[in-house]
Amino acid sequence: MLENPIWFGNKLISWYLQNKRDLPWRETKDPYAIWLSEIMLQQTRVAQGLPYFEKFLTQFPTVFDLANASEEQVLKLWQGLGYYSRARNLHATAKHIAFDNKGKFPSTYEGLLKLKGVGDYTASAIASICFKLPTAVVDGNVYRVLSRVFGIATPINSTSGIAQFKALAQKLIDPSCPGTFNQAIMEFGARFCVPSNPDCSTCIFSDVCIANKQKQVPYLPVKVKKAVVKNEFYNYLVCLFKDRKTLMEQRTDRGIWQNLYQFPLIESKKQLQVSTLKKDQEFIRFSEQINIQSISKFNDRVIVHKLSHKHLYTTFWILEIDALYEGGVPFSEIHLLPVPVLIQNFIYSFLPFKN
DNA sequence: AACTCGGGGCG
DNA sequence: CGCCCAGAGTT
């Protein structure tokens with residue numbers, strides 16, 4: 001029954017007609033006003049975009065008024081809304097429509113798609129709302145509603161996911177009122193099927209929603225997060241006590257290498273030299289507890305250890321300590337401790353010199 | 001396919 | 001603080 005497009009659309013539109021907000025762009029089918037609203041609402045909440053929509057329509061009632069304004073004027077009025085390339089593209093497209101097209105917007109999906117700043121979503125929205133064409137919109141709301149109701153776990157920001165959700169929305173759209181269908185599914189996602197803690201018990205789809213039945217609502221839609229590779233600077237303090245012992249500590253914090261061992265670690269914001277290490281607050285606190293005789297770098301050239309999400313720029317510091325230490329780990333025993341490869345490689349290259 | 005572009009609201 | 005918002009353009 002979920003595969004019955006008419007049933008899905010009817011239920012959705014019925015909900016929409018009873019629950020929709022009164023919004024100014026719902027009072028018109030003028031392509032200029034609809035286009036303006038759709039550009040403004042890209043990645044922007046209705047509440048944030050609404051006052052800008054009013055301001056723009058007052059200052060630029062027609063596409064000719066917008067086209068005849070200066071870019072500076074347009075950007076000034078856009079100020080605070082963010083994503084300023086939208087404003088520049090808006091202005092460029094207004095000039096194109098006004099001066100090259102006699103003020104007339106394209107009336108096909110393909111024609112609309114050619115406009116600067118108009119992608120698949122916006123072209124589909126204008127085509128369906130203004131020209132009654134059956135082009136399905138897929139925005140953040142649609143991803144959420146469809147992934148949950150149909151139980152689709154394909155990442156929404158993957159190439160296959162984008163195609164899959166577009167195809168499903170296209171199959172579901174009511175060709176007799178595509179504009180209403182598109183606005184209904186978006187409104188439903190924005191007002192009812194919300195990202196966190198939706199009230200599934202009173203949902204019109206509660207009995208058929210796959211995510212609801214399988215208790216997967218909090219986990220849908222799936223989105224793969226881009227692995228931002230961060231650069232971090234690690235300084236391992238390799239202590240040499242007179243009795244051939246050193247200091248090792250266990251990583252207990254959540255994160256990489258949990259519960260593995262390492263030499264005392266100082267993280268810094270950039271690469272350190274002996275002089276700058278000595279000024280580091282964490283190093284100062286460390287050195288106050290022991291009598292450091294000498295400081296030298298083991299690796300003159302920084303060792304880059306690459307993880308999937310971070311690059312560790314690592315320096316091993318050799319600290320000769322003029323003392324004995326009861327709690328230390330004998331160098332002859334450090335191979336018994338679980339350590340990261342980064343540490344293991346160091347030990348292999350360092351120990352031959354000490355044995 | 002991954003990056004970049006903003007400001008604001010919310011848990 | 002991280003996620004998300006009526007996405008699109010560039011690399």
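FYI, side chains are in, hydrogens and waters are out, and symmetry mates aren't considered; it's all heavy atoms of this structure. Chain letters run A, B, ... following the sequence lines, proteins first and then strands; every chain starts at 1.
- Here A:Asn182 lies out of heavy-atom contact (under 4.0 Å) with every strand.
- Contact annotation: A:Lys225 reaches the phosphate of C:dC3 (side-chain N/O to OP1 or OP2, under 4.0 Å).
- Ring geometry for A:Phe350 versus A:Phe331: interplanar angle of 30 to 60°, hence tilted.
- Following rounding to the nearest Å, A:Leu90 (CG) and C:dA8 (C1') show an atom-to-atom distance of 13 Å.
- Scanning both residues, A:Val145 and A:Gly189, for their nearest heavy atoms gives CG2-CA, 3.6 Å.
- Atoms OH (A:Tyr121) and P (C:dC5) sit 12 Å apart, rounded to a whole Å.
- The residue A:Arg26 sits close to a base: some heavy atom pair falls under 4.0 Å.
- A:Lys297 NZ: more than 12 foreign heavy atoms inside a 6.0 Å radius.
- In this structure, A:Leu36 atom CG and C:dA6 atom P are separated by 17 Å, rounded to whole Å.
- The separation of C:dA6 from B:dC3, taken at their C1' atoms, amounts to 23 Å, rounded to a whole angstrom.
- A cation-pi arrangement, defined by a distance under 6.0 Å to the six-membered ring centre and an angle within 45 degrees of its axis, is absent between A:Lys245 and A:Phe241.
- Each side-chain hydrogen bond (donor to acceptor under 3.5 Å, both in side chains) pair with one or both residues in residues 122-136 of chain A, not counting sequence neighbours, appears once here: A:Gln42-A:Thr122, A:Ser124-A:Lys166, A:Ser128-A:Asn182.
- One can place CZ of A:Arg144 at 11 Å from C1' of C:dA6, the figure rounded to the nearest angstrom.
- Between A:Phe316 and A:Phe298, the two ring planes are perpendicular [angle over 60°; tilted spans 30° to 60°].
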### Stepwise side-chain contact (heavy atoms from CB on, under 4.5 Å) check, A:Val149 with A:Ile210
CA-CA 5 Å; A:Val149 174; A:Ile210 307 263; over 6 Å; no
### Task
Mark up nucleotides 4-11 of chain B, 5' to 3', with B wherever a protein heavy atom is under 4.0 angstrom from a base atom, S wherever such an atom reaches only the sugar-phosphate, and - elsewhere.
BBBBB---
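- Ring geometry for A:Phe105 versus A:Trp35: interplanar angle of 30 to 60°, hence tilted.
- Residue-level contact check: A:Ser158 touches neither bases nor backbone, having no heavy atom under 4.0 Å from any strand.
- Atom CD1 of A:Ile156 is separated from atom C1' of C:dC3 by 11 Å (rounded to the nearest Å).
- Of the residues in residues 130-142 of chain A, A:Asp139, A:Gly140, A:Asn141 come within less than 4.0 Å of DNA chain C through at least one heavy atom, sorted by number.
- Separation of the C1' atoms belonging to C:dA8 and B:dG9 is 23 Å when rounded to the nearest angstrom.
- At least one donor-acceptor pair under 3.5 Å links the side chain of A:Arg86 to the backbone N or O of A:Leu81.
- Contacts of A:Trp78 with the nucleic acid, taken as non-hydrogen atoms under 4.0 Å apart, are absent.
- The side-chain heavy atoms of A:Met186 and A:Val142, taken from C-beta on, include a pair separated by under 4.5 Å.
- The distance between atom NZ of A:Lys223 and atom C1' of C:dC3, rounded to the nearest whole Å, is 8 Å.
- The CD1-P distance, from A:Ile39 to C:dA8, rounds to 8 Å in whole Å.
- Rounded to whole Å, atom C1' of C:dC5 lies 12 Å from atom CZ of A:Arg21.
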